[in-house]
Amino acid sequence: MLIKEVSDLRNISQKTLNEMFQISKIKFQVGSATCGLATGAGQTLSFLRELSANQPDKYIVDEVGCIGLCFKEPIVDLRMPGCSRIYYGDLNIYKAEKLVKSLEEGDIRKEWVLYRLDKEKFINEDEINLASDISDIYREITTMEDLNLFKGQMRIVMRNCGRINPEQIDQYIAFGGYKGLFKVLKEMSPDEVIEEIKASGLRGRGGAGFPTGLKWSFTRKAEGSKKYIICNADEGDPGAYMDRSVLEGDPHSVIEGMLIGAYAIGADEGYIYVRAEYPLAIKRLKIAIKQAREYGLLGQKVLGTDFSFDLKISMGAGAFVCGEETALIASIEGLPGEPRPRPPFPAQSGLFGKPTNINNVETWANIPVIIAKGSKFFSSIGTEKSKGTKVFSLVGKVKNTMLIEVPMGTTISEIVYNLGDGMSDKFEFKAIQTGGPSGGCIPKDLIDLRVDYEELTSAGAIMGSGGLIVMDEKTCMVDVARFFLEFLESESCGKCVPCRSGIKRMLQIIHRITQGQGEEKDIELLEEMAKGIKDASLCGLGQTAPNPILTTLKFFRTEYESHIKHKRCPAAVCKALIEYRVIPGKCTGCQRCVSVCPTHAITGPRSQAHNLDKSKCIKCGACYEVCKYDAIAGDAIILE
Amino acid sequence: MVNININGQDLTVRENCTILEAALINGFYIPTLCYHEALGFYGACRICVVEIAAPRGQILVASCAYPVSEGLIVKTDSERVINARKLILELLLADCPDAEIIKIMAARYGLIETRFPPEEEGKCILCGICVRACHNLVGAGAISLIKRGKNKAVSPPYESVTSACISCGTCETMCPTRAIDIKVFDRIKSLHEYEGRFHTQRCNICSKYHVDNEKPGSVNNWIEELQ
Ligand SMILES: Cc1cc2nc3c(=O)[nH]c(=O)nc-3n(C[C@H](O)[C@H](O)[C@H](O)COP(=O)(O)O)c2cc1C
Ligand code: FES
């Protein structure tokens with residue numbers, strides 16, 4: 001069937017909403033994005049599928065994407081006819097089996113439920129009441145709105161993630177999808193679309209925060225009849241998975257965004273550049289593209305208009321530098337993934353020498369909402385210069401490691417303490433790392449910093465693509481710099497000298513420092529190198545590579561100094577600088593450390609202070625972690 | 001023609017030329033390594049950086065690749081430029097201790113020693129001239145840049161002998177640091193490092209030794225193919 005009129009869209013929407021919400025059976029939805037699958041959602045899903053195959057009049061099962069609560073995966077939601085939707089966390093196959101048994105006995109296993117949802121709210125502000133009447137048992141369950149980890153979140157990019165089946169285009173349409181495309185094709189001129197995006201204040205979510213409307217206008221104005229648009233789904237930052245979740249949970253939002261962009265820019269061909277390590281995202285994109293073609297949303301004469309556009313998927317081999325736009329273009333062209341000098345910018349001469357517009361996954365996913373709800377809605381969210389929301393992957397030493405989407409300008413403390421529910425271990429917050437490998441570390445003093453492009457840049461960090469790594473007092477900042485520099489060293493393409501050789505040499509110095517061989521002049525040398533590398537490097541990778549060192553030097557200089565001058569690692573991380581010893585007065589001789597020591601370095605009979613043989617100790621820290629009496633101290637050694 | 005300013009001097013230069021071309025024509029010295037007249041720019045060595053006034057402030061750009069535009073203000077030897085060049089040379093001194101041209105260039109900036117622990121040996125600065133010449137001028141495509149980051153290297157496919165090499169010696173001739181060394185001994189040509197050895201015959205026009213006609217990929221076969 002080809003969709004040509006708004007009424008076609010409405011019919012699909014009505015029919016699908018009925019199917020989805022007017023249910024007469026018990027309906028399970030299993031979060032089966034990669035984060036879910038990694039924790040066993042696949043088994044839960046096949047168990048439930050089998051159940052519904054055996055008892056088709058009683059159970060139905062569907063798949064959805066990631067709702068963001070990664071620390072509670074596998075997440076399964078359940079809805080009985082006429083009831084609120086309830087969400088179960090940690091529902092592995094064993095618990096799922098038990099749950100089904102209990103359900104048969106009329107028990108919903110309230111203690112496993114994370115929260116309940118009474119109303120399904122749509123991005124266009126429609127609502128569907130899930131429960132006409134909320135029973136007492138349900139009342140005892142917290143609502144989604146009351147849960148701290150949702151307070152302050154706002155879903156625009158992830159509007160459908162975890163709520164629809166990403167492999168069903170009808171469900172995307174039912175949730176208001178492809179309305180924006182209709183609006184632009186039938187009612188707006190390309191210039192009007194660009195003006196609308198400009199007015200929304202949307203800035204690129206791929207890192208640099210370049211105004212999206214302005215970028216589109218460059219490519220639109222560029223000479224030439226053949227133009228390309230590209231979706232950058234390379235997502236190379238370690239620990240970041242926002243883009244993957246969007247592609248796995250709601251691929252059509254990106255496709256619709258790209259269709260709108262292509263119309264505005266005048267492109268008839270688009271590429272989605274995804275890393276090959278994202279097989280599920282690629283699979284779901286392929287399905288989504290096929291379904292969109294079947295409805296006439298992609299291909300010749302989209303929706304019966306004169307506008308034609310088609311999409312191809314290009315797989316990257318997982319090189320961080322291929323996220324840089326000129327390297328990405330080279331990679332699609334089949335050349336080595338090396339950046340080239342700009343100008344010419346891709347807007348003038350990009351893919352195959354044609355004007356090309358590149359945007360990040362999240363940027364594209366915002367577009368349909370801006371068009372459907374208007375630029376005013378979008379620009380009312382956020383701070384003065386950073387509008388809308390941002391998806392972050394919150395990881396590290398927080399209790400709730402998850403994907404969050406918050407309005408720009410949310411403070412770090414809100415993110416860490418409300419959404420993240422504070423620190424995961426007994427140690428205090430020390431810093432938060434933003435912006436991926438070439439971002440920076442923001443210290444405790446700046447915990448009230450509002451997260452937007454300007455504020456992060458002023459603190460020496462960057463927004464980057466949205467990784468947030470929380471670190472506690474047990475993190476050594478020199479070691480953090482080492483970690484990111486090591487990543488950058490191995491991911492540098494090696495084309496230009498300052499990046500290839502400069503990072504290598506900075507890393508050598510950092511290695512020396514962490515090994516207690518630092519010299520006083522090292523800090524100065526690092527600072528001098530950082531300047532030159534930033535100035536002279538060819539692409540963004542090299543130009544930002546010194547950031548991990550610069551921000552840690554800026555806020556944690558004393559830590560470098562104590563490594564260098566006193567040969568001490570205050571956080572007791574750098575192995576060469578620490579030595580474990582047993583404090584006899586505190587040791588009760590419980591033998592816990594004796595049993596965990598992999599090299600049998602600790603010996604001693606029960607109830608007597610133990611003995612630690614330093615020549616056998618490999619400084620793994622296992623004893624330190626299990627000691628309940630603080631009897632083992634990770635102490636610095638002084639190198640003479 | 002466009003009007004630009006280099007080191008305080010107002011100049012009128014050809015449109016579409018690069019800062020480097022404009023500077024050289026007007027007598028300003030800018031060092032280069034990876035740029036070659038016959039190959040154009042590559043933008044890898046960064047030794048040619050100059051400071052320009054851009055909308056987002058003063059920035060350094062590679063002059064060999066940056067096109068001039070009306071009103072462009074360029075400084076070819078500001079302190080920032082010199083510092084960047086010195087850092088690059090110091091890095092190269094450590095990475096390629098045997099490259100004479102680097103030593104000479106570095107000495108020009110007053111650099112004799114490097115603060116970084118030097119490699120034991122090394123000449124190749126990975127400027128890519130040999131590779132580009134082999135691909136773009138000769139058309140043989142026998143060598144390319146392989147691997148990435150600090151492991152990047154020039155190599156024939158699979159780091160072994162390749163029949164694509166026609167032993168023309170262009171790479172050797174063009175290498176600025178003499179890192180490639182094609183040896184001719186007893187009428188056998190050998191590509192340094194790659195251990196490819198080819199029987200040669202003396203050319204009756206230029207009297208140099210070239211690879212045996214019979215061998216696939218030899219110079220004469222190559223020329224025939226091109227025709
Ligand atoms: C080393 C490097 C890696 C990058 N990696 C990514 C990436 O993984 N994803 C991305 O969207 N942008 C990445 N970027 C930014 C892109 O070059 C480009 O600015 C972005 O895709 C533009 O999209 P936007 O305007 O929507 O942000 C990277 C840039 C650099 C310099
Ligand atoms: S000469 Fe310009 S970058 Fe090498």
Side-chain angles (χ1 to χ4, degrees), chain A residues 208 210 317 319-322 326-327 335-345 348 486-509 511-512 519 521-522 524-526 528-539 541-543 545-546, chain B residues 18 33-34 41-51 54 58-69 78-96 102 114-119 122 125-128 131 135 144-153:
Chain A
F210 194 83
F320 175 66
V321 70
C322 285
T326 57
L335 300 169
E338 284 178 1
R340 59 154 177 80
R342 299 175 301 178
F345 289 90
Q348 298 136 16
E486 253 171 27
F487 176 84
L488 291 166
E489 184 197 39
S490 64
E491 291 295 329
S492 160
C493 79
K495 178 171 175 176
C496 77
V497 179
C499 178
R500 175 184 73 230
S501 181
I503 297 177
K504 179 175 89 179
R505 299 296 176 179
M506 284 210 289
L507 184 59
Q508 279 179 352
I509 298 173
H511 270 305
R512 267 203 287 112
E519 293 164 26
K521 56 180 196 283
D522 281 346
E524 230 169 87
L525 178 57
L526 282 174
E528 182 195 323
M529 290 175 77
K531 258 195 218 109
I533 295 171
K534 264 179 177 268
D535 266 355
S537 286
L538 167 58
C539 85
L541 197 155
Q543 286 160 10
Chain B
T18 61
L33 283 170
C34 69
F41 69 82
Y42 182 50
C45 73
R46 317 303 290 173
I47 200 77
C48 69
V49 284
V50 294
E51 190 169 344
Q58 297 286 116
I59 55 168
L60 299 196
V61 297
S63 63
C64 67
Y66 203 92
V68 294
S69 56
S78 66
E79 195 188 337
R80 217 169 137 192
V81 169
I82 301 294
N83 285 344
R85 282 192 198 143
K86 276 171 116 170
L87 176 67
I88 292 166
L89 286 168
E90 197 176 344
L91 290 166
L92 286 176
L93 271 182
D95 284 356
C96 319
I102 302 297
T114 164
R115 284 169 287 178
F116 310 113
E119 304 290 329
I125 56 170
L126 296 169
C127 66
V131 171
H135 283 251
S144 45
L145 285 161
I146 59 159
K147 300 185 185 163
R148 70 176 181 218
K150 60 177 182 179
N151 300 322
K152 210 177 185 81

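Naming convention: chains lettered A, B, ... in sequence-line order (proteins, then strands); numbering from 1 in each chain.
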Go through the atoms of [X] and report whether side chain, backbone, both or neither lie under 4.5 Å from a heavy atom of chain A.
X	value
B:F41	side chain
B:A65	both
B:L60	both

For this session: Could you tell me whether a side-chain N or O of B:R148 sits under 3.5 Å from a main-chain N or O of A:A319, the two making a donor and an acceptor?
Result: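 Not a single qualifying donor-acceptor pair exists.
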
Exercise. Given A:E486 and A:H511, is the side chain to side chain contact (heavy atoms under 4.5 Å, CB included) satisfied, shown in steps?
Worked result: CA-CA 10 Å; A:E486 253 171 27; A:H511 270 305; 3.1 Å; yes

For this session: Check B:A94 against B:T114 and note the closest heavy-atom contact, atom names and distance.
Result: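 Closest approach of B:A94 to B:T114: CB-OG1, 3.7 Å.
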
Exercise. So which of B:R85, B:K147, B:R115 has the largest heavy-atom pair count under 4.5 angstrom toward chain A?
Worked result: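 If we count pairs closer than 4.5 Å to chain A, B:R115 comes out on top.
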
For this session: Considering only heavy atoms and a distance below 4.5 Å, find which of B:I125, B:L126, B:V49, B:N83 pairs most often with chain A.
Result: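 Most heavy-atom pairs within the cutoff with chain A belong to B:L126.
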
Residue part contacting chain B, namely of [X], when any heavy atom lies under 4.5 Å:
X	result
A:I503	neither
A:E491	both
A:S501	both

For the interface with chain B, which of [options] has the highest count of heavy-atom pairs at distances below 4.5 Å?
options	value
A:Q508, A:R342, A:R340, A:K495	A:K495
A:G502, A:P343, A:P344, A:G532	A:P343
A:K521, A:E338, A:K534, A:K531	A:E338

Exercise. Is it true that the NZ or CZ of A:K504 lies under 6.0 Å from the centre of B:F116's six-membered ring and within 45 degrees of the ring axis?
Worked result: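 No; the conditions do not both hold, so A:K504 does not lie above the ring face of B:F116.
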
Problem set entry | Cationic N near anionic O, under 4.0 Å, B:K150 to B:E119 |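 No salt bridge links B:K150 with B:E119.
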
For this session: Could you tell me whether B:D95 and A:R500 have a side-chain N and a carboxylate O separated by less than 4.0 Å?
Result: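 A:R500 and B:D95: not salt-bridged.
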
Exercise. Taking C-beta and beyond as the side chain, do A:C499 and A:L541 meet within less than 4.5 Å on heavy atoms?
Worked result: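 They are in side-chain contact.
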
Exercise. Got A:D522 and A:E519 here, is their nearest side-chain heavy-atom distance under 4.5 Å?
Worked result: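 Contact flag for A:D522/A:E519 side chains = yes.
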
